[in-house]
Amino acid sequence: MRWGPRSWVTAALCAVCATLGAVAAAPILLFAAAGLGGWLLAHQWAYVAETTGWTAVDVDQGVDRPQVTVSEPTTLRLRGTLAAASPVGVAIDAAPPPGVEVVGGTDRLALPPGETEAATLIQVQTPIAGTHTIDAPAVTLSSPGGFAAETVRRGDAVTVNVQPRGPDRLHVGQGGDPLETDYGEHETDQPGQGIEPLEVRQYVAGDDLSRIDWKATARLTVPHVREYEVMNSHQTALVVDHRARMGAGRAGATVLEYLREAALGLVTNAEAYDDPLGCYTVGDGGITFAREPGTTREHYQQVRRHLSTLRPTAPVGREDQPASDADRAGDARSRTRGSTTTLTGPARARRLAARTAGARGAEPTDQLEATLHPYFAPTERYVHRLADRPLFRTVQTRLRRIQGPTWTVIVTDDSDPGEIHEAAKVARGSSGRALVFLAPRVLYEPTGLDDLDRAYERYREFERLRRRLSGLQRVTAFEVAPGDRLQAVLARRRSGRRSRADGSTRAATDGRAGNATRDSRPETAANGPGPTGGGDRA
Amino acid sequence: MTDRPHGTAYAPPATARDARTTVAGLLPMAVQTAGLSLVAGGLGAGVGVLLSLLWLRVRVELVVAVSALAFVGVGGGLDATLAFVLVGLGCLGLLAVDLTTAWNSPRPLVAFAALAGPLCAVAVAYAPTDARYWLAAGVLAVVGLGSYGLHRYQLLGLGLLDEAPRPEASTGDPTNAAASDDPTNATSTTDGGPSQ
């Protein structure tokens, strides 16, 4: 029981009356002191008697969505019920931990004396990723008149899991269709010594007698042998492009974020199959990370760690590098808040530093700048500088060193079709295969879908490129895109197709059905350039 | 989070007094005024009226204290027995009306009678003697110790005495660790006596 203000006032009056009564020998003041003291104790006794063993209050707390992303609001429900009306005032406080902000409603639910039920909805959000536990609500029981109060915890704690913003609805596939199976299945379709049954075929001279399948032989009356499939491991070289242009896109949903997810999936897949995995990351100035194929656990972890922290590099030879869309979005936010302190990445920090330095050149000129320079200086370390077309040159120079057939996986966007085409041709080598994971930039640019017709045209260009790559022998190209934005573009295609179909019906009525039918053919991926549409079949 | 710390009491309006209380309180005020007028005639009646007006504006405990001071001020004492009784009963009546209407139950009134009755009787009995200093200290001690005893009894009744202090950063989660550092998260489970 905490004393309320009235208890303190009454106690003070009691003390004053008692003191004056004793000093002045005034019996009425001692009488008043005794009366006030008894009255105060009676109030407190009534409060304690009312609240002791208090089980009549039922508090229900819950959240509508326990999984949210950073700064995404969720609703906290708070409901208090009393079994019967009470003169005691009940206030129920939600207990969001530090870092969880109340952005809508109030985090206090009050049941004034006489009320038996109340409920409220509280909007909470947090800018901090992690698991946040909202403690059981604090129930404050206050006596009428504010003589005393006590706080107890009632109800259940709830947990809100806050995920960092990142790519969602990752789509990997071809022509808008998602990839149904894991990339990297390992059947070779080659008969041999293995453990996976492949087929039963008729015995021919020279076959090992131990391989005769006697059940099949008895059933088919002629000797048959069972073939087993040879399983092997794919030596994989993963080439990930993280040049400055990969920073395009909204904050948390840039090209690189999506490509990173795809690349990490490849690493996981390779580890699951014990495939030797090499990894090369390519920045604007050359190779920033190179690991020859390996299969140790540490090797996979190292690759995964590096990919997880990959950021777009700075354009070579440009101090005032162009910002990514995400950086620009950060700028806009900063301006909105009237603040200039929101640094969202090293690229942006460097750009701000360069802006601060102005035309004085890269070298620091005063003490402050000299102190800060190391923090803003480019942090990329190139293991191999390549002046021109670094992606192609990486494939060309690094993959030569790998012995044996290799699956080369190139992860990049569609900014430079010529370079990708050349890189894919080199990557497949003489006996290997190449997988190209391409991000269509139109689906990442924040304003890319403002004009859906234009977006669809750009997506068709991308699809032509993808199919041209897939037309190369031993090359397969996939698209990596935000699924929702891709669907928006494809929905535009379908609606356009319907409208054209309607037009064709009218044209048929007019006796021009042939032309109209040809015009209304779906603009699907199959409608693109096709395997022979410029594909190199070397 | 809001800036308001958790656990603050629900505070009804400080001087809210409904009509029922006002009507019920008029009787003790009239008794008190009669007592004052017995001591000081018209002056006492005027003081009684002023006290009644004051009672309409401020809390009852303040009115009781001022009434006692006013009685001393107009020259009242134990020798004016009837006036003393009237003023004393008026004060106790004011407190009783407030107690009854606040809790909407006669039980606190019984407790008040049980506590204030003996105290007041002792105060009247020993006020003229040298033991009045001990009497004053005793009244304050009874109030303090009684309140502390009720506090402990309530903690026991609410099951708060056996609650261990909150562990800090028990899960290793930085958010939880921060939460446990939040002073507003601490419930008043300490048994250090009444506090505000």
Side-chain angles (χ1 to χ4, degrees), chain A residues 1-4 9-11 13-15 17-19 21-22 25-42 44-46 48 51-54 87 89 91 93 95-99 102 107 110 128 130-133 135 138 140 142 144-146 149-153, chain B residues 1-2 6-7 9-12 61-62 64-65 68 71-72 76-78 84 87-88 91-92 95 99 102-104 107-108 111-112 115-116 119-120 123-124 127-128 132-133 135-136 139-140 142-143 146-147 150-151 153-154 157-158 160 173-176 178-179 182 185 187-188 194-196:
Chain A
M1 177 176 66
R2 300 189 306 273
W3 275 27
V9 169
T10 305
L13 289 172
C14 181
C17 288
T19 305
I28 190 69
L29 287 173
L30 287 171
F31 183 90
L36 286 171
W39 179 71
L40 175 60
L41 286 178
Q44 293 183 346
W45 174 85
V48 171
T51 58
T52 298
W54 185 282
D93 291 302
V102 175
D107 58 350
I128 305 165
T131 301
H132 299 268
T133 300
D135 279 343
T140 303
S142 358
E150 185 54 274
T151 303
V152 293
R153 297 274 174 186
Chain B
M1 285 177 57
T2 58
H6 294 145
Y10 169 77
E61 58 269 29
L62 197 61
V64 168
F71 184 72
V72 174
L78 267 180
F84 185 95
V87 171
C91 289
L92 293 179
L95 297 173
L99 195 63
W103 289 96
N104 205 19
R107 289 177 60 200
F112 174 56
L115 287 164
L119 281 175
C120 290
V124 172
R132 62 181 183 274
Y133 296 102
L135 176 67
V139 168
L140 297 177
V142 166
V143 172
S147 181
L150 288 170
H151 161 71
Y153 178 70
Q154 189 196 33
L158 289 175
L160 298 176
D173 185 339
T175 57
N176 289 344
D182 183 9
N185 277 346
T187 56
S188 58
S195 60
Q196 175 67 30

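Quick note on labels: first sequence line is chain A, next is B, and so on, each numbered from 1.
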statement: Interface check, chain A: of B/Ala68, B/Pro108, B/Ala127, most non-hydrogen pairs under 4.5 Å belong to B/Ala68

message: With a 3.5 Å distance limit and no angle check, can you tell me whether A/Arg2 reaches the backbone of A/Glu150 through a side-chain donor-acceptor pair?
response: no

If every non-hydrogen atom of [X] is compared with every non-hydrogen atom of [Y], which pair is closest and at what distance?
X: B/Leu135; Y: B/Ala123; result: CD2-CA, 3.3 Å
X: A/Ala32; Y: B/Val64; result: CB-CG1, 4.4 Å
X: A/Gly38; Y: B/Leu119; result: N-CD1, 4.3 Å
X: A/Val48; Y: A/Met1; result: CG2-SD, 4.0 Å
X: A/Ala46; Y: B/Trp103; result: CB-CE2, 3.5 Å

Is it the backbone or the side chain of [X] that comes under 4.5 Å from a heavy atom of chain A, or both, or neither?
X: B/Val139; value: side chain
X: B/Leu95; value: both
X: B/Cys120; value: both
X: B/Leu99; value: both
X: B/Leu92; value: side chain

Measure [X] against the heavy atoms of chain B and call it side chain, backbone, both or neither at under 4.5 Å.
X: A/Leu41; answer: both
X: A/Cys17; answer: side chain
X: A/Leu40; answer: side chain

Max heavy-atom pair count under 4.5 Å with chain B, selected residue of [options]:
options: A/Ala33, A/Ala34, A/Ala26, A/Ala15; value: A/Ala34
options: A/Ala22, A/Ala18, A/Pro87, A/Gly37; value: A/Ala22
options: A/Gly21, A/Ala11, A/Gly35; value: A/Gly35

task: Report, as yes or no, whether the 6.0 Å neighbourhood of atom OH on B/Tyr133 holds more than 12 heavy atoms from other residues, nucleotides or ligands.
output: yes

query: Do the non-hydrogen side-chain atoms of A/Val102 and A/Pro96 ever get within less than 4.5 Å of each other?
result: yes

